[in-house]
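What follows is a short report on a single structure.
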Number of protein chains: 2
Amino acid sequence: MSGEPEIAVPARAMGDPARARMLSALLGERALSSGELGRIARLSPSSTSEHLHVLAEAGLVLVDNQGRHRFYRLANSDVARAIESLQAIAPLARISSLRQHRASREMREARTCYDHLAGDLGLRLTDLLHQGGIIDELVVGSVGQAPEPFPDDHIVRALGLREPDGSRRPWTRGCLDWTGRRPHAAGQVGAQVLAAFRTNGWITPRPDTRAVQLTATGEHLLQELES
Amino acid sequence: MSGEPEIAVPARAMGDPARARMLSALLGERALSSGELGRIARLSPSSTSEHLHVLAEAGLVLVDNQGRHRFYRLANSDVARAIESLQAIAPLARISSLRQHRASREMREARTCYDHLAGDLGLRLTDLLHQGGIIDELVVGSVGQAPEPFPDDHIVRALGLREPDGSRRPWTRGCLDWTGRRPHAAGQVGAQVLAAFRTNGWITPRPDTRAVQLTATGEHLLQELES
DNA sequence: GAATCGTTTCGGGATGGCCCGAACTATGCA
DNA sequence: TGCATAGTTCGGGCCATCCCGAAACGATTC
């Protein structure tokens, strides 16, 4: 027999600035090593290790051992969802240094959000998908169906989109994070688009951050699709 | 210029067991006084006051002064959403005492969840609304439209449901909390149903908790609608 | 096997949070 | 005016957490 959920457990784990930075970095989907996370959180290796232990204990992250590295990732999409929902009510950090200013600009331009793209790039793609009839109008938190029959037009071919995979996962989901004030496309279609951008080299990762850079090829493709 | 949201701020505020209990109680929508919250969290008045100060500072709760009472409530529905999403990843409390056991059973049977009903009662109502064609099938986090034209059948009249009020708020939203493993109806329709249950005396509040009790009248109504 | 690299564990110091009782303020009521 | 009630502020004790450097550990490399 068990009672109510103890939200203090995950909340406490997320409630330290260093651990919050780590989690925010891990929202960028790919697994990060203890060392990378330590650099992101600006901590000594020993402190980093302790914080990661706390996160694992609270069930927020999982570890993959690979050689002498240990790669950490968010435990599941519910954790990602919880972090997003906290971002919606969290105050925005004050920016003091020039370095932070640049990092903030890069995040606004384009970044990954768990397994899809966000920032200005995410919004451009959302508009494109909507104009192309591949997704419905998005409302925050809403889920949408794929069009029937599945189109085979220019946009679909250019991005290499495939039909939904039949899993329970919704085709689109409106995901709001703190820039833009408009939801961007998450869900299966969002994941497909991010995968396409990665494998085709339309974006390149930036070091130690979820921000990504749109390459010249990527920008060309977008402009061509938007015209 | 401002940077990323600092999720550590709300998370830290929620990350104390006493404050978490208060927030969980406030999920029951109605505002609670400092004294009531102190009893719920089992704290001295002075500690209660400090904790509430922390919650207010983090923007999670708002205060209404009424005479010598101070009534606290969740700041907005985003906060409620964040608490719900943490409940989805939080471990369930172990139950030791008989008293906790009874409280847990009462919560499972029927409780309020921000501004709608949850627990077994919430699920019964969700099924009823679905069978009556008033809401679509629910998926967690999904939003649904009201039927057009708005029906005027037995269920609608019995519950006194009105058409959507034209606000942005979705007609239905699938809200999952920890019992039942199935989403129950939130959104405008959920709020209307709770209001009807309250004003018609189909439920009565239980002291110091979000749990409510279905009255004999309420049970009669439900059985009649379900037949 | 020795050196190296990434990571964890341990010890210890500083800090801050949590708790309470006592004193204080503000409201309501007689 | 005086007293009771609701709530906050203050002071102080205690404990958990957060940080780091030193040392240990395990895997890879030479």
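Per chain, numbering begins at 1; letters A, B, ... match sequence-line order.
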On the nucleotide [N], are OP1 or OP2 found under 4.0 Å from the side-chain N or O atoms that [X] carries?
| X | N | answer |
| --- | --- | --- |
| B/Ser47 | C/dC19 | no |
| A/Ser44 | D/dG21 | no |
| A/Tyr72 | C/dT8 | yes |
| A/Ser34 | C/dT8 | yes |

Return the value, rounded to whole Å, for the distance between atom [atom1] of [X] and atom [atom2] of [N].
| X | N | atom1 | atom2 | answer |
| --- | --- | --- | --- | --- |
| A/Arg39 | C/dT7 | CZ | C1' | 13 Å |
| B/Leu32 | D/dA6 | CG | P | 15 Å |
| B/His53 | D/dA6 | NE2 | P | 23 Å |
| B/Leu52 | D/dT9 | CG | C1' | 14 Å |
| B/Gln66 | D/dA6 | CD | P | 15 Å |
| B/Asn65 | D/dA6 | CG | C1' | 12 Å |
| A/Arg70 | D/dC25 | CZ | C1' | 12 Å |
| A/His51 | D/dT17 | NE2 | P | 12 Å |

**Study point:** From B/Leu62, B/Val63, B/Asp64, residue fulfilling side-chain contact (heavy atoms from CB on, under 4.5 Å) relative to B/Tyr72
**Key:**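 So, applying the side-chain contact (heavy atoms from CB on, under 4.5 Å) to B/Tyr72 and each of B/Leu62, B/Val63, B/Asp64, only B/Val63 qualifies.
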
What's the closest nucleotide to the [X] side chain, out of [options]?
| X | options | result |
| --- | --- | --- |
| B/His69 | D/dT9, C/dC20, D/dA6 | D/dA6 |
| A/Arg19 | D/dC20, D/dC18, C/dT8 | D/dC18 |
| A/Arg68 | D/dG11, C/dT8, D/dT29 | D/dT29 |

Exercise for review: Before accepting this row, confirm whether a basic side-chain N of the pair A/Arg81/B/Glu84 lies closer than 4.0 Å to the acidic partner's carboxylate O.
Suggested key: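 Between B/Glu84 and A/Arg81 there is no salt bridge, as every charged N stays at least 4.0 Å from the carboxylate O atoms.
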
**Study point:** salt_bridge(A/Arg21, A/Asp16) N-O dist < 4.0 Å
**Key:**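 A salt bridge is absent here (no side-chain N lies under 4.0 Å from a carboxylate O).
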
Point to revise | hbond_proxy A/Ser46 side chain to D/dG21 base (donor-acceptor, 3.5 Å cutoff) | key: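 Yes, the side chain and the base share a sub-3.5 Å donor-acceptor pair.
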
Review point. Should we count CZ of A/Arg102 as having more than 12 external heavy atoms under 6.0 Å?
Key: no

Review point. Counting any heavy atom closer than 4.0 Å, what does A/Thr48 reach on the DNA or RNA strands: base, sugar-phosphate only, or nothing?
Key: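 Touches nothing.
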
Exercise for review: Measure from the side-chain N and O atoms of B/His184 to the backbone N and O of B/Cys175, and report whether any donor-acceptor pair falls under 3.5 Å.
Suggested key: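 Flag set: sc B/His184 to bb B/Cys175 pair under 3.5 Å.
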
